[in-house]
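All remarks here apply to the structure that follows.
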Amino acid sequence: MAKKQRLSGAERRVQLMEVGRAVFASHGYEAASIEEIAQKAGVSKPIVYEHFGAKEGLYAAIVDREMDNLVARMSESISRGTPRERFEAAVMAFMTYAKEEPAGFAVLTRDSPNDEARRGLTRVIDDLAQRVGDIFQSEFERAGYNPKVAPIYANALVGMVTQVGQWWAAEGRSFSIEHVVRHVAALGWMGLRHLPKDPGSPGAKSGPKRRG
């Protein structure tokens, strides 16, 4: 019988993160156990502790890796093209991640195990909104808008996309991601295209119309 190949430390760490991601995605943080993760990985519990210190350490490492993956995908998508092409590509990148990495997406959308680590997806939204906001700021300034308000629209649009991604992952899979992206991108871009330079107060009525 051939001997089982021994993994290097780096390879074992990657394996434990893959197994841990599947378990956390399936059960959530609280219900997941180091015992189950170790058993599925074919190692003893001390091996898991040796690499990550505790269940929380393993969870944090998985969240960080998934965040890096998602941010890298979306950062690449907004790195070139017209503003509209960048926005549409960012929506597609996010939805593609939700489709291709369902376990990672599930981990990011669950609550963190403690108050110190904010929700993984919230941290992703903050990072992406900052990057999108930088693009919006330059475009707003060029179009004659107040560049200081760019973060408002960046956070609103990124938040909209992430919410749609969560809905699609949970109950919207009857729609293709291409179909969803077309609608989300159209809603977001049309709103920006017709954006007034100085929006009125909520509920404010327009002045009386002139009679011809």
Side-chain angles (χ1 to χ4, degrees), residues 11-43 45 47-49 51-78 89-132 155-181 183-185 188:
E11 290 170 335
R12 179 65 71 191
R13 183 178 176 86
V14 170
Q15 182 217 18
L16 291 173
M17 289 176 69
E18 287 295 323
V19 173
R21 183 177 72 162
V23 174
F24 286 129
S26 177
H27 305 323
Y29 177 82
E30 293 298 334
S33 68
I34 290 295
E35 289 85 353
E36 180 179 359
I37 293 170
Q39 181 182 28
K40 289 182 179 297
V43 300
K45 284 171 36 179
I47 295 295
V48 182
Y49 292 130
H51 282 277
F52 300 99
K55 183 172 75 168
E56 184 177 322
L58 173 58
Y59 179 88
I62 293 168
V63 168
D64 284 342
R65 187 182 67 171
E66 294 306 315
M67 285 189 349
D68 288 344
N69 182 0
L70 179 52
V71 169
R73 286 174 181 241
M74 295 192 70
S75 296
E76 171 65 20
S77 71
I78 63 175
V91 177
M92 177 60 78
F94 188 93
M95 296 300 300
T96 299
Y97 170 81
K99 178 182 179 180
E100 294 180 350
E101 303 290 347
F105 189 75
V107 169
L108 286 181
T109 56
R110 290 183 181 277
D111 289 331
S112 297
N114 58 38
D115 293 334
E116 295 180 3
R118 290 179 300 150
R119 290 187 64 184
L121 193 58
T122 300
R123 294 165 63 189
V124 171
I125 293 173
D126 289 347
D127 193 312
L128 293 173
Q130 176 65 50
R131 299 178 192 219
V132 173
N155 279 277
L157 289 171
V158 172
M160 176 181 71
V161 174
T162 53
Q163 182 63 39
V164 171
Q166 288 179 276
W167 164 80
W168 181 85
E171 55 185 281
R173 290 179 179 270
S174 59
F175 296 97
S176 69
I177 60 171
E178 291 79 12
H179 187 79
V180 173
V181 167
H183 285 274
V184 173

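No side-chain heavy atom of Val164 sits less than 4.5 Å from a side-chain heavy atom of Val91. In this structure the side chain of Ser26 never reaches within 4.5 angstrom of the side chain of Glu36, judged on heavy atoms.
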Using the rule given for side-chain contact (heavy atoms from CB on, under 4.5 Å), can you reason through Phe94 versus Trp168, listing the C-alpha separation, both sets of side-chain angles and the distance that settles it, and then say yes or no? CA-CA 11 Å; Phe94 188 93; Trp168 181 85; over 6 Å; no
Go through Lys99 and Met95 one step at a time and tell me if the side-chain contact (heavy atoms from CB on, under 4.5 Å) criterion holds. CA-CA 6 Å; Lys99 178 182 179 180; Met95 296 300 300; over 6 Å; no
Steps toward side-chain contact (heavy atoms from CB on, under 4.5 Å) verdict (Val107, Tyr59): CA-CA 9 Å; Val107 169; Tyr59 179 88; 4.2 Å; yes
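Closest non-hydrogen pair, Ala38 versus Val48, comes out as CB-CG2, 4.0 Å. Nearest heavy-atom pair across Phe52 and Ala61 is CE2-CB, 3.9 Å. Minimum interatomic distance between Leu58 and Gly20 (heavy atoms only, all atoms of both residues): CD2-CA, 4.4 Å. Heavy atoms only, all atoms of each residue included: His179 and His183 are closest at O-CD2, 3.1 Å. Residues His27 and Ala32 share a closest heavy-atom pair of CB-N, 4.0 Å. The two residues Ser77 and Ala90 make their nearest non-hydrogen contact at OG-CA, 3.2 Å.
For Arg73 and Asn69, the side-chain atoms include at least one donor-acceptor pair closer than 3.5 Å.
In this structure, OG1 on Thr96 lies 7.0 Å from CD on Glu178, to the nearest 0.5 angstrom. For the atom pair CD1 (Ile37) and CD1 (Ile47), the distance works out to 14.5 Å, reported to the nearest 0.5 Å. The CD atom of Glu100 sits 7.0 Å away from atom CD1 of Ile177, with the distance rounded to the nearest 0.5 Å. One distance of note links NZ of Lys55 with NZ of Lys45; it measures 11.5 Å at 0.5 Å rounding. Here the CZ-CZ distance, from Arg21 to Arg65, works out to 5.5 Å after rounding to the nearest 0.5 Å. Going from atom OH of Tyr97 over to atom CD of Glu66 covers 3.5 Å, rounded to the nearest 0.5 Å.
Applying the 6.0 Å contact sphere to CD of Glu18 captures more than 12 heavy atoms from other residues, nucleotides or ligands.
Below 30°, between 30° and 60°, or above 60°: for Tyr29 and Phe24 the angle between ring planes is below 30°, a parallel geometry.
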